[in-house]
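Reading through the structure tokens given below for one structure.
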Amino acid sequence: MSERKLHLNVNLLHSGVYASAWRLPDSDPGAFYDVQHYVNVAKIAERGKFDAIFLADTPAITDRIDLRPFQSMEPTIVLASVAAATTHIGLIATASTTYNEPYNIARRFATLDHASGGRVGWNAVTTADASASRNFGLSNVLEHGLRYERAKEFAEVVHALWDSWEDDAFVGDKATARFVDISKVHAIDHRGTHYTVAGPLTVPRSPQGRPITVQAGGSSDGRDLAAAQADAVFTLSQSIEDGVAYARDLRARAVAYGRPSDSIVILPGLATIIGSTEAEAQRRQDELWDLVPIQYSLSRLAGTLHVSPDILELDKPLPDIPLPANANQTMFKGTVAMARKDNLTVRQLLKALGGGVGHRIIVGTPEAIADDIEAWFRAGAADGFNLMPDVLPTGLAVFVDEVVPLLQKRGIFRRDYEGTTLRDHFGLERPPSRYAKRPAAAVTA
């Protein structure tokens, strides 16, 4: 078995993870709807030998767009442009299981996997925003348990469709006029609680067999979905102890589903603020914090906690707030835990969150950041990180130029790509089609 290596994605959040990133002199306020911005960031990540870029998405306006940029464009179309301008970097796009159909998602991502030469991943989310529901004709968000029940079946159907063509089903023999071996193209005939899908897919099997599936939930339902279906997970952990506990729980669940314990790559979110000295890094954080409007920070925190901003008093501790039954429980729990652990006031919590980040933030020199990453990696709290630089593209460029060489020198991160697909980067095997060597079901025109 080869030596375990660190994995790094960059969460490509328009101008950066800080709400104020767009206000810095070297930032482009219009980057959030400029495809070339995403291409440029991907090229920097590829220069740093990153595993993938990661595009979050919500099919609604859920943020204070009067105060900051937001995730605007449809991710798979953006990544098609990125694929044409890069050669190795993985391409992970978010698509909701609540507001799509399995066949459309299976077809879209299989097509993009062919277009990119096998570099695609699907981040399957259930979407808990009421504003998204209203954009799709629903008056309310689906109940938490129901969303994950549907998502689990949705992923099962997508994976079956990706398997519906065996690897050698396409023949293309001009001499014999044999185009496709229809004995190797399979109807999936799925009839479940939420979906009825005949199949097969219209797209031949993709370079990875199945594109990578990523899952981002941290609730019990989310972990169960990840254990059953995911190849990688985007998590929230604030301490090594939390990360180790999460990894142990998720891997035990995977084993219960009959999967190897190491078949899932665990990638906590990590925001970075880098300076040549600790003082310089702290000044950069202070500058970014000072540029975040306090009304934005309060609004973002109130949204995470599902309360009115009026009950949050800046110089008092966070009030007792019950866990919302039908919202993003991962972000809620992580935020409340941070506040309670250090008995932070709301103002202190807002600064610790970077004005609304939610994930762990490291402020320091390249050496300090490399030390932290290595400690988490060697403790088994993470297989790598979904990085969220403070400002894009400059914060990523500094990480690539200053932190990556330290990780390479320590022998935990690649010096070059050893394969061409995202599965290669993550060290995951190419799965066989579940239908191989089975009798073919009827394929109708």
Side-chain angles (χ1 to χ4, degrees), residues 1-13 17 45 48-54 56 90 92 121 123 212-219 222-223 226-227 230-255 259-274 330-331 333-334 337-338 341 357-364 366-389 396 399-400 403-404 406-414 422-423 425-428:
M1 176 179 286
S2 60
E3 184 182 358
R4 179 169 171 257
K5 294 292 185 182
L6 181 77
H7 301 287
L8 293 174
N9 295 346
V10 58
N11 194 350
L12 217 170
L13 295 168
V17 72
K49 311 306 178 185
F50 274 45
D51 293 70
I53 63 170
F54 179 102
I92 300 173
N123 179 39
I212 291 290
T213 298
V214 182
Q215 210 278 325
S219 66
R223 295 183 192 200
D231 300 298
V233 292
F234 178 24
T235 71
L236 189 156
S237 295
Q238 293 290 347
S239 69
I240 286 179
E241 293 75 19
D242 288 345
V244 169
Y246 177 91
R248 286 176 177 167
D249 177 68
L250 185 65
R251 297 195 193 287
R253 292 177 189 238
V255 170
R259 303 179 63 190
S261 63
D262 61 352
S263 60
I264 303 175
V265 178
I266 298 175
L267 304 164
L270 179 64
T272 55
I273 303 174
I274 306 171
T330 303
M331 295 301 293
K333 291 178 180 178
M338 180 186 292
K341 178 183 177 183
V357 175
H359 288 276
R360 192 167 67 96
I361 303 173
I362 307 180
V363 183
E367 291 79 8
I369 289 172
D371 287 345
D372 183 279
I373 288 173
E374 183 178 12
W376 277 66
F377 177 69
R378 295 199 184 280
D383 295 313
F385 293 93
N386 219 23
L387 289 179
M388 296 175 286
L396 176 63
F399 188 98
V400 165
V403 180
V404 166
L406 296 175
L407 299 173
Q408 291 170 333
K409 186 176 181 179
R410 298 175 192 203
I412 61 173
F413 190 62
R414 68 173 67 88
L422 183 52
R423 285 191 179 275
H425 303 343
F426 280 158
L428 299 173

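Bear in mind that the values here come from a model prediction, so they are computed numbers and not experimental data. Sequence positions, counted from 1, serve as the residue numbers for this chain.
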Open item on the list: Apply side-chain contact (heavy atoms from CB on, under 4.5 Å) to residues Val214 and Phe54 and explain how you reach the verdict.
Closed with: CA-CA 10 Å; Val214 182; Phe54 179 102; 4.2 Å; yes

Open item on the list: For Val403 versus Ile274, what's the shortest heavy-atom pair and its separation?
Closed with: CG2-CD1, 4.0 Å

Open item on the list: To check you understand the geometry: which heavy-atom pair defines the closest contact between Arg259 and Ala227, and what is its length?
Closed with: NH1-O, 2.9 Å

TODO: Output all residues satisfying side chain to side chain donor-acceptor pair (under 3.5 Å) with Asp371, sequence neighbours left out; order by chain, then residue number.
DONE: Arg410

Task: Residues that Asn123 engages under side chain to side chain donor-acceptor pair (under 3.5 Å), provided they are two or more places apart - done: Thr94

- [ ] Report the C-alpha distance between Phe377 and Leu407 in whole Å, list the side-chain angles of each, state the deciding distance to 0.1 Å, and finish with yes or no for side-chain contact (heavy atoms from CB on, under 4.5 Å).
- [x] CA-CA 11 Å; Phe377 177 69; Leu407 299 173; over 6 Å; no

Open item on the list: Suppose we screen for side chain to side chain contact (heavy atoms under 4.5 Å, CB included). Which residues come up paired with Ala45, at least two apart in sequence or across chains?
Closed with: Val10, Phe50, Ile53, Ile89, Leu396

TODO: Please report the closest heavy-atom contact between Gly384 and Pro268, naming both atoms and the distance.
DONE: O-CD, 3.1 Å

Task: Stepwise side-chain contact (heavy atoms from CB on, under 4.5 Å) check, Leu8 with Phe399 - done: CA-CA 11 Å; Leu8 293 174; Phe399 188 98; 3.9 Å; yes

Open item on the list: Restricting to side chain to side chain contact (heavy atoms under 4.5 Å, CB included), what partner residues turn up for Asp383, sequence neighbours left out?
Closed with: Arg4, His7, Arg251, Val265, Ile266

Open item on the list: Run Val404 and Lys49 through side-chain contact (heavy atoms from CB on, under 4.5 Å) and show every step you take.
Closed with: CA-CA 9 Å; Val404 166; Lys49 311 306 178 185; 6.0 Å; no

Open item on the list: Rounded at 0.5 Å granularity, tell me how far CD1 in Ile369 sits from CG in Leu406.
Closed with: 10.0 Å

Open item on the list: Going by side chain to side chain donor-acceptor pair (under 3.5 Å), name the residues that satisfy it together with Arg423, two or more places apart in sequence or in a different chain.
Closed with: none

Open item on the list: As an exercise, state the distance from CG of Leu6 to CG of Asp51, rounded to the nearest 0.5 Å.
Closed with: 8.0 Å

Open item on the list: My understanding is that only residues two or more places apart in sequence, or in another chain, count here; which of them pass side chain to side chain contact (heavy atoms under 4.5 Å, CB included) with Ala368?
Closed with: Glu278, Thr365

TODO: Please name all residues satisfying salt bridge (charged side-chain N to carboxylate O under 4.0 Å, His left out) with Asp242, sequence neighbours left out, ordered by chain then number.
DONE: none

TODO: State which residues pass side chain to side chain donor-acceptor pair (under 3.5 Å) with Ser237; sequence neighbours excluded, sorted by chain then number.
DONE: none

TODO: For Lys5, enumerate each residue passing the salt bridge (charged side-chain N to carboxylate O under 4.0 Å, His left out) test, keeping only those at least two apart in sequence or located in another chain.
DONE: none

Task: Spatial distance of atom CG (Asp231) from atom CG (Leu428) [nearest 0.5 Å] - done: 5.5 Å

Open item on the list: Going by side chain to side chain contact (heavy atoms under 4.5 Å, CB included), name the residues that satisfy it together with Val255, two or more places apart in sequence or in a different chain.
Closed with: Ser261

- [ ] Measure the shortest side-chain to side-chain distance between Thr272 and Leu387 over non-hydrogen atoms and say whether it is less than 4.5 angstrom.
- [x] yes

- [ ] Classify the ring geometry between His359 and Phe234 as parallel (under 30°), tilted (30 to 60°) or perpendicular (over 60°).
- [x] parallel

TODO: With rounding to the nearest 0.5 Å, note down the distance linking CG in Leu236 to CG in Leu270.
DONE: 11.0 Å

Open item on the list: Quick check: closest heavy atoms across Val400 and Gly48, and the distance to 0.1 Å?
Closed with: CG1-CA, 3.6 Å

Task: Shortest non-hydrogen separation from Gly222 to Gln215 and the atoms involved - done: O-OE1, 3.2 Å

Task: Closest non-hydrogen atom pair between Ile264 and Ala226, with its separation - done: CD1-O, 3.6 Å

